[in-house]
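The structure appears below as structure tokens.
Both backbone and side-chain heavy atoms feed into the values below; hydrogens, waters and symmetry mates do not.
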Amino acid sequence: MAQRPKIPGIAGEFLAEFAGTMILILFGVGVVAQVVAAGIGDHDSIAWAWGLGVTFGVYVAARISGAHLNPAVTIALAVFKGFAWKKVAPYIVAQFLGAFVAALLVRWNYTEALHAADPGLTIKTQGVFSTLPGNGTLPFDEWGAFRDQIIGTAILLFLILAVTDVLSTPPQANLAPFIIGLIVVGIGMAWGTAAGYAINPARDFGPRLASYLTGYEDAFRDQTGYLYFWVPIVAPIIGGIIGAGLYKVLVGRFLPSEEPPEPGRIPTPRGDENVEAHRG
């Protein structure tokens with residue numbers, strides 16, 4: 001039987017991050033386009049489709065790259081988990097490109113619906129592609145959104161580290177991607193009001209750029225005209241570092257070592273390579 005061709009090292013990881021992030025955005029931006037432009041679905045369908053997008057994206061890329069799919073994850077893992085700093089920039093580029101290409105596909109596929117719902121391509125449908133403070137309507141300013149993105153991304157990284165830590169009780173039977181998807185569903189349902197829970201710089205900037213290049217002239221601004229695009233880039237990176245740091249301080253350093261557990265403790269299975277997703 002012929003062997004599969006191998007793509008060496010960072011090139012294969014780059015392509016895996018690109019593909020995984022593209023899958024994430026195809027589901028995430030696609031569902032928002034369906035709800036906003038076509039009126040099919042609601043907030044819950046948005047939350048679930050984003051979570052499923054994360055799940056499927058992680059399944060696509062986990063074995064090759066660790067399936068970060070998010071610059072905030074990549075940077076936090078480099079700071080706290082030993083992920084190689086030389087890989088940080090290639091991973092982030094791959095994530096942005098995957099998000100950008102996926103958003104272009106959504107923009108193309110929903111062209112008729114978007115133009116029918118919003119012929120001027122205004123703030124009314126800009127939220128299909130990128131986030132806005134208060135989702136474009138509620139009374140949150142950029143600093144409220146900045147705060148929200150720090151908190152939301154801190155929750156994300158704290159829980160990702162918790163469910164992928166092999167010294168703890170990680171999900172078995174290759175279920176870690178599904179659990180990570182549920183984390184995103186939960187964040188969407190509980191933390192989606194103040195800033196649309198971008199919690200991922202690539203998720204926001206890639207589609208924002210795609211929308212700008214395809215007719216949304218004010219894509220980099222919010223509903224007040226403020227140059228908002230930097231908030232969902234900077235705040236999630238800060239939040240990711242905080243969340244990963246809190247996990248290490250509050251939980252990670254107290255986990256048992258590789259020795260047998262004390263009587264009465266839940267034993268931790270070893271050797272499952274698939275729980276390494278997101279650990280770098």
Side-chain angles (χ1 to χ4, degrees), residues 24-25 27-55 69-73 99 103 106 114 117-118 122-160 179-208 211 216 218-243 246:
L24 161 61
I25 300 303
F27 280 87
V29 173
V31 71
V32 182
Q34 181 167 268
V35 171
V36 172
I40 300 172
D42 55 19
H43 173 270
D44 287 353
S45 64
I46 290 174
W48 279 107
W50 273 109
L52 289 170
V54 169
T55 297
L69 316 185
N70 181 341
V73 172
V106 173
L114 288 166
D118 182 19
T122 67
I123 202 76
K124 180 180 178 182
T125 56
Q126 173 56 38
V128 168
F129 299 97
S130 53
T131 59
L132 294 161
N135 291 312
T137 59
L138 297 172
F140 289 91
D141 62 15
E142 62 273 11
W143 295 111
F146 191 89
R147 173 195 64 221
D148 172 86
Q149 286 300 285
I150 290 175
I151 296 171
T153 315
I155 295 170
L156 175 68
L157 263 296
F158 189 99
L159 292 176
I160 285 176
I179 301 302
I180 292 168
L182 288 181
I183 292 169
V184 174
V185 172
I187 292 173
M189 289 183 170
W191 292 87
T193 297
Y197 75 107
I199 58 175
N200 181 338
R203 169 266 173 273
D204 192 85
F205 186 76
R208 193 181 294 272
S211 66
Y216 285 86
D218 294 323
F220 291 100
R221 299 184 182 274
D222 66 14
Q223 62 270 27
T224 69
Y226 179 78
L227 198 63
Y228 178 77
F229 77 95
W230 65 272
V231 171
I233 295 175
V234 176
I237 292 172
I238 295 171
I241 292 171
I242 291 172
L246 285 173

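The shortest side-chain heavy-atom distance between L114 and Y216 falls under the 4.5 Å cut-off. Two residues are said to be in side-chain contact when any heavy atoms from C-beta on lie closer than 4.5 Å; N70 and L156 meet this criterion. Contact annotation: the side chain of V128 approaches that of V29 to within less than 4.5 Å [non-hydrogen atoms, C-beta and beyond]. Side-chain contact check for D141 versus Y226: every heavy-atom pair is 4.5 Å or farther apart. Residues D218 and Q126 have side chains not in contact (no heavy-atom distance under 4.5 Å, counting atoms from C-beta outward). Between V35 and D42 the shortest side-chain heavy-atom distance does not fall below 4.5 Å. V54 places none of its side-chain heavy atoms less than 4.5 Å from the side chain of F27. Side-chain atoms of W50 and T55, non-hydrogen and from C-beta on, never get closer than 4.5 Å to each other.
Of the inter-residue distances, the one linking I238 atom CD1 with I151 atom CD1 reads 12.5 Å to the nearest 0.5 angstrom. Atoms CD1 and CG, from I199 and L157 in turn, are 9.5 Å apart once rounded to the nearest 0.5 Å. One distance of note links CG of L69 with CZ of R203; it measures 13.5 Å at 0.5 Å rounding. With rounding to the nearest 0.5 angstrom, the CG atom of D204 is 9.0 Å from the CD1 atom of I25. Atom OG1 of T131 is separated from atom CZ of R208 by 5.5 Å, given to the nearest 0.5 angstrom. Taking CD1 of I233 as the reference point, atom CG of N200 lies at 10.5 Å (rounded to 0.5 Å).
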Problem set entry | Candidate pair Y197 and I46, rule side chain to side chain contact (heavy atoms under 4.5 Å, CB included), full reasoning | CA-CA 11 Å; Y197 75 107; I46 290 174; 3.9 Å; yes

For this session: Check the pair L159, I187 against side chain to side chain contact (heavy atoms under 4.5 Å, CB included), reporting the backbone distance first and the verdict last.
Result: CA-CA 11 Å; L159 292 176; I187 292 173; 5.7 Å; no

Exercise. Can you list the steps and then say if D148 with F140 is a side chain to side chain contact (heavy atoms under 4.5 Å, CB included)?
Worked result: CA-CA 10 Å; D148 172 86; F140 289 91; over 6 Å; no

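Side chain of Q149 to backbone of V234: no donor-acceptor contact under 3.5 angstrom is found. At least one donor-acceptor pair under 3.5 Å links the side chain of N135 to the backbone N or O of G192.
Nearest heavy atom pair, residue S130 against residue A219, reads OG-O, 4.2 Å. For the residue pair F146 and A235, the shortest heavy atom distance occurs at O-CB, 3.5 Å. Across A194 and A145, no two heavy atoms sit closer than the pair O-CB, 4.0 Å. Looking at every heavy atom in both residues, D44 comes nearest to M189 through OD1-CE, 4.1 Å. Across P207 and A103, no two heavy atoms sit closer than the pair CA-CB, 3.4 Å. Nearest heavy-atom pair across Q223 and L132 is OE1-CB, 3.9 Å.
Relative ring orientation between F205 and F229 is described as tilted, the plane-to-plane angle lying within the 30° to 60° band.
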